Amino acid sequence: MILRVQPLTTTRRLTGPFDYLAPPDAAVAVGSVVRIPFGRQSLDGVVVELATASELPAERLVRPTEVRADSVPPDLVALALWIAEEYCSTPARGLSLVLPPRGRPRSALWAERTRMDLDGIRLTPRQQELLGRLPAPAGRDLPALRRLEARGLVGLAPRASRRAPRTAAHDDRLVRATPAQDAAVASVAGNAEREWLLHGVTGSGKTEVYLRAAERTLDAGRGVIVLVPEIALTPQTVTRFQARFGDTVALLHSGLSDGERYDEWRRLRDGRARVAVGPRSAVFAPVRDLGLLVIDEEHDASYKHEGDPRYDARRVAEHRAAAAGATLLLGSATPRPESWHALARLELPHRVDGQRLPPVRVLDMRGRSHALHPETRRALTDTRKSILMLNRRGWSNFLTCRSCGKAWECPQCDVALVLHRHADAIACHHCGHRERVPHRCDACGSLSVARYGAGTERLEAELAEALDVPVFRLDADTAGAKDAVMDLLERFRAAPAGVLLGTQMVAKGHDFPDVGLGVVLDADATLRFPDFRAEERTFALIAQLAGRAGRGPDGGRVLVQTASPDASAIAYAARHDSAGFVREELGRRRALRYPPFADLIRVVCSSPDGASARAAAAAVAERVDAPESELLGPAPLFRLRGRERFQLVVKAVLREPAVRAVGAAVDAAARDRAHRAVAFSVDVDPQ
Ligand code: ADP
Ligand code: ZN
Ligand code: ZN
């Protein structure tokens, strides 16, 4: 038998698979991970196909030197190769997403009794007590057990022991489903339609629908994957699945130790666990006989992967579900226009507890210089618990010299450096460059350095001064460790009064029952981005935050500060009108031919010098030959990490030929020695 093996290398030039002879002794199949001699090196590879014959002469065929114990399920091999094509990547990089984690099972020595009747056997009380507790892990009793083993009373043998991820305990609440929930579960469990969008505000009972749909799937003997945006921000979803289904739930996320990840992966692979919960990468969980794939908060940007391959977990999920004959269930309070357009929709129109959504007031900030509107100040003083969102971290967002006008910019990127007072640094939010805070202008010597704009750090200081309740700041600077986030959110939850202040992280997943006020500062910040998703992002941020305020018995309210009070995304969010927003947005996208009415493919060419980057982008543009597609650019992007960048966007009506055409054009340009200094990146479905 011949094995077609894809070597796992990072170079783009090597295009496998390559033929090897099957080893005589080990069982090898599609998905086996093998060590192969390759030229003078030795590489890891994945068996992607079995064949009966090779075109190579027999004397050139060699065998793998090693076969790993853990293998990739064949359906995930197919998924990985599909991703490689779909996202203009390489098979090796696609396969790297589905590889078994490295590790080995941990075993512990267990003791068991070998005979039950102890007549005529002399035992101390301690020995009797010890025997009474068996079977059990040997642990500290090993010496005593060894003596009993020597007398033929006890057997000692290793057993696999599980390294289980730590999670918060949670009681399962058994509730009677509302008619809307019942209808949603019945639709999802029926078999006519396979792809659903569950639309409902926070607290409308979406998670309960996921749980019930999962239960039906498990009852039918099939497996479930549940994707969540970020475990640290949405621990409730995880714990609710564990509370309902117990040990059959496996958790997969980046915070696990290597041993935990290995054990969770193995439990899924063997079928001991049948529900996988985790962020984006859990779409590759080795769940057997997948019957349901849930994506919670489907609008969340974290589902897009920003490294090669730049896959979108939602699209991968759709493909995997279709291949497995599984049902796909996406849920959100603020669905993406793409999902609204493409999927059958289920509505949960009300909050389960009957609470209304809080009234939203838009506050016009034009002509105001202070960060907080007077009405916001008053509301913060009058409310016990508030959430305040400002999507900008740091103290102030740029520094200039009052005498000569010098602005402090990153030496590597064309962006302003942001002041972080606590860290005594000015930092680039794109590349991480840091400098000490300047107190004197290095161009003219002036001591007068002006600071403009306010970020979360500065606002925290101002609020702490102005209010007599604790202020909890949640942003990338305070979120360091995973536990730090959970801990901070837990302290806010437990506090009788306080302000949770932060970037968009405060608008995600969590569910606080007693927040009376939600505030969005600079709500049009996201609108100013030159990006077709600007409206969608702005709407979602405001609506998500609004959904988290006013969940207590006293209701609540929301204030939105903006310099664009007439922007329609803001107006729709203020009315909690997702349907209205999505309809208008779909109309705009249809007219401008943006997704879902076209697919976008973005190519970025970067190089230390601008001319090479521009020339490479022009060369790609010239070579792209895709039917019915529109080409935008090359257009310059701001310099990043010392590299000048030019981008090209292809708007395609026919997706597959366009992806192939762009891939071919980029490969050809990359092979051209004239563009040696240029790095090419291709992003299909950019966020
Ligand atoms: P969502 O996921 O839409 O935010 P959840 O499913 O978390 O909503 O439900 C919000 C709260 O209401 C949870 O505390 C949940 O336990 C409770 N809940 C959900 N469904 C029901 C129901 N049918 N009856 C009573 N309480 C419910
Ligand atoms: Zn100066
Ligand atoms: Zn930088």
Side-chain angles (χ1 to χ4, degrees), residues 170-185 197-214 226 228-229 233-241 243-244 294-298 329-335 346-355 357 398-418 425-435 438-450 507-513 543-544 546-548 551-552 578 637-645:
H170 196 284
D171 286 335
D172 193 16
R173 275 189 63 201
L174 287 176
V175 295
R176 178 187 293 265
T178 62
Q181 285 173 325
D182 264 337
V185 175
L197 172 64
L198 181 62
H199 174 224
V201 296
T202 310
S204 60
K206 296 186 293 298
T207 308
E208 187 61 37
V209 172
Y210 307 150
L211 287 163
R212 283 169 193 247
V226 183
V228 294
L233 295 174
T234 51
Q236 287 113 326
T237 311
V238 176
T239 46
R240 279 170 72 185
F241 271 85
R244 185 138 324 165
V294 174
I295 306 182
D296 190 22
E297 310 281 5
E298 69 94 20
L329 174 59
L330 273 57
S332 176
T334 54
L346 302 162
E347 296 278 349
L348 298 179
H350 306 293
R351 283 180 167 172
V352 179
D353 57 14
Q355 283 269 329
L357 287 164
F398 57 95
L399 305 178
T400 58
C401 169
R402 283 208 172 89
S403 310
C404 76
K406 171 195 159 97
W408 272 262
E409 288 193 342
C410 176
Q412 301 292 320
C413 317
D414 291 335
V415 297
L417 293 172
V418 176
I426 51 178
C428 173
H429 284 184
H430 292 273
C431 74
H433 169 86
R434 286 167 97 81
E435 299 172 16
H439 297 287
R440 166 193 293 275
C441 173
D442 52 353
C444 74
S446 159
L447 288 173
S448 181
V449 178
K508 295 202 177 174
H510 15 268
D511 181 13
F512 303 108
Q544 288 287 340
R548 310 205 183 273
R551 306 219 31 210
S578 287
L637 297 176
F638 72 87
R639 192 170 54 107
L640 181 67
R641 297 191 165 87
R643 303 181 74 92
E644 302 287 347
R645 301 180 304 154

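Counting starts at 1 for both ligands and their atoms, following the listed order. Just so it is clear, the structure is predicted and the values come from calculations on it, not from any experiment.
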Which atoms from ligand 1 have a heavy atom of Lys206 less than 4.0 Å away?
->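 Here the atoms of ligand 1 in question are 1 (P), 2 (O), 3 (O), 6 (O), 8 (O).
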Val201 neighbourhood, listing ligand 1 atoms whose heavy-atom distance to it stays under 4.0 Å = 3 (O)
If the Zn ion (ligand 2) is the vertex, what is the angle to SG of Cys404 and SG of Cys441, rounded to 10 degrees?
-> 110°
Answer yes or no: is there an ion pair linking Glu208 with Arg244, defined by an N-O contact shorter than 4.0 Å?
-> yes
Do the side chains of Ser403 and Cys441 get nearer than 4.5 Å, heavy atoms only?
-> no
Side chain, backbone, both or neither: [X] near ligand 1, heavy atoms under 4.0 Å:
{"X": "Gln181", "result": "side chain"}
{"X": "Ser204", "result": "both"}
{"X": "Val175", "result": "side chain"}

Ligand 1 to Gly203 polar contact by distance, N or O atoms, under 3.5 Å =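 N/O-N/O distance under 3.5 Å: yes.
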Please confirm whether Val352 comes within less than 3.5 Å of ligand 1 when only nitrogen or oxygen atoms on both sides are compared.
->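 Val352 vs ligand 1: no N/O contact under 3.5 Å.
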Counting only heavy atoms on the protein side, is anything nearer than 4.0 Å to atom 11 (C) of ligand 1?
-> no
How far is atom 17 (C) of ligand 1 from its nearest protein heavy atom, and which residue and atom name does that atom have?
->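 Residue, atom and distance for the closest contact: Arg173 NH1, 3.8 Å.
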Provide the closest heavy-atom pair for Cys410 versus His433 in the form atom of the first, atom of the second, distance.
-> SG-CB, 3.9 Å
Heavy-atom proximity to atom 15 (C) of ligand 1, picking from Glu208, Arg240, His199, Gln236, points to Arg240
